[in-house]
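In what follows, a single structure is set out as structure tokens and then discussed.
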Amino acid sequence: MKLAFSLDKGSGARARFGLIVLQADETIEPEFARMLGAPGVALHHTRIRMAPNITTESLITMQAEIPLAAAMLPATRFDAVGYACTSGATVIGPENVETAVKAGCDCAHVSDPLSASIAALRQLGARKIAYISPYVETVTALMRARLSAAGLEVATFASFEESDDRIVSHISQADLLQAIVQITAKARVDAVFVSCTNLRVLDILAEAEALTGKPVVSSNTALAWHMCRLAGLGAMPIGPGRLLQRRAKEKG
């Protein structure tokens with residue numbers, strides 16, 4: 001017997017998101033699952049090849065890989081697709097990232113952690129920021145320049161100076177929390193930006209804000225927030241921290 005059937009909007013009836021994840025990233029997928037895990041919201045992942053050592057040279061090579069990775073997402077229309085590499089977006093450029101993503105898949109909007117973090121910090125009214133990074137100096141210098149060009153003053157800065165992305169995901173949350181507290185101890189800043197999708201910030205975010213008295217924005221919280229904003233979702237994402245809670249209050 002052949003069964004009759006009808007079609008509906010599928011698992012992404014409310015919103016459908018795509019995420020391009022670095023091969024070495026162990027953090028963003030579990031954090032995004034927690035922030036975007038709501039009925040009617042579908043989140044699809046694809047991986048992009050990436051050399052484990054983060055340098056400006058290795059980052060720029062990803063530009064040619066983005067359309068290939070995006071093409072591995074389901075052949076459907078996405079409300080937003082995120083390219084989940086802060087340093088990659090910095091080196092390649094957000095405009096080039098958007099072009100590359102749209103060359104590989106059908107999506108209404110494209111975001112990246114750099115663009116998302118700038119938008120999030122502006123949303124919080126931040127002008128002077130503390131900036132924490134895991135990257136080597138050649139990468140962090142370019143990122144500080146990008147932030148400055150966007151009108152954000154990096155008042156204080158610190159980095160773990162680790163080039164191997166396979167190690168970054170295992171930097172202890174205790175050390176990361178200590179770094180956030182330490183960098184804000186004597187600096188007058190409006191907010192803290194913790195850059196890199198592979199740093200595990202979500203679990204310590206509320207404590208970091210309580211200890212510093214400042215909003216803390218990570219690459220992952222900013223990207224999730226920005227993709228939801230582009231998709232026109234209300235009361236999303238759900239998570240800790242002033243950025244995500246403010247979103248829920250504004251749209252809930």
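By convention here, the first residue in the shown sequence is residue 1.
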Is there side-chain contact between P39 and R14, with heavy atoms separated by less than 4.5 Å? no

Students often mix this up, so state it plainly: with edges at 30° and 60°, are the rings of Y131 and F193 parallel, tilted or perpendicular? parallel

Donor-acceptor contact present, side-chain S133 to main-chain S159, <3.5 Å: no

Quick check on the hydrophobic clustering: are V81 and L22 connected, directly or via other members, by side-chain heavy-atom contacts under 4.5 Å? yes

Kindly say whether T197 contributes a backbone atom to a donor-acceptor pair with the side chain of N220 at under 3.5 angstrom? yes

Out of R200, R34, R47, which residue meets the salt bridge (Lys or Arg N to Asp or Glu O under 4.0 Å) rule with E29? R47

Min side-chain heavy-atom separation L244-T221 under 4.5 Å: yes

Nearest 0.5 angstrom please: D112 CG to I20 CD1, how far? 10.5 Å

Restricting to non-hydrogen atoms, name the atom on L199 and the atom on S195 that form the minimum distance, rounded to 0.1 Å. CD1-O, 3.4 Å

Is I66 reachable from M72 through a run of I, L, V, M, F, W or Y residues, each pair having side-chain heavy atoms under 4.5 Å apart? no

Could you list the residues that satisfy ring-ring contact (aromatic ring centres under 6.0 Å, His included) with F32, not counting sequence neighbours? none

Quick one about N198 and T27 (side-chain donor to acceptor, distance below 3.5 Å, no hydrogens or angles considered), yes or no? yes

Does R77, at its CZ atom, have more than 12 non-hydrogen atoms belonging to other residues, nucleotides or ligands within less than 6.0 Å? yes

In one Ile/Leu/Val/Met/Phe/Trp/Tyr side-chain cluster, 4.5 Å: M35, M227: yes

What are the two closest non-hydrogen atoms of E31 and V201, and how far apart are they? OE2-N, 3.4 Å

For G239, is there any backbone N or O sitting under 3.5 Å from a side-chain donor or acceptor partner on Q245? yes

Indicate if L202 and F17 have the same hydrophobic cluster label, given that clusters are the connected sets of ILVMFWY residues with side-chain heavy-atom separations under 4.5 angstrom. yes

Please answer: with hydrophobic residues joined when any side-chain heavy atoms are less than 4.5 Å apart, are V217 and L152 in the same cluster? yes

Does the side chain of L233 reach to within under 4.5 Å of the side chain of D79, using non-hydrogen atoms? no

Minimal non-hydrogen separation, L230 against S111, with atom names: CD1-CB, 4.0 Å

Considering only residues two or more places apart or on different chains, which pairs with a residue in residues 80-92 satisfy side-chain hydrogen bond (donor to acceptor under 3.5 Å, both in side chains)? T86-S219

Sidechain-backbone polar pair: Q173 side chain, I204 backbone, donor-acceptor under 3.5 Å: no

N96 side-chain N/O to I92 backbone N/O, donor-acceptor pair under 3.5 Å: yes

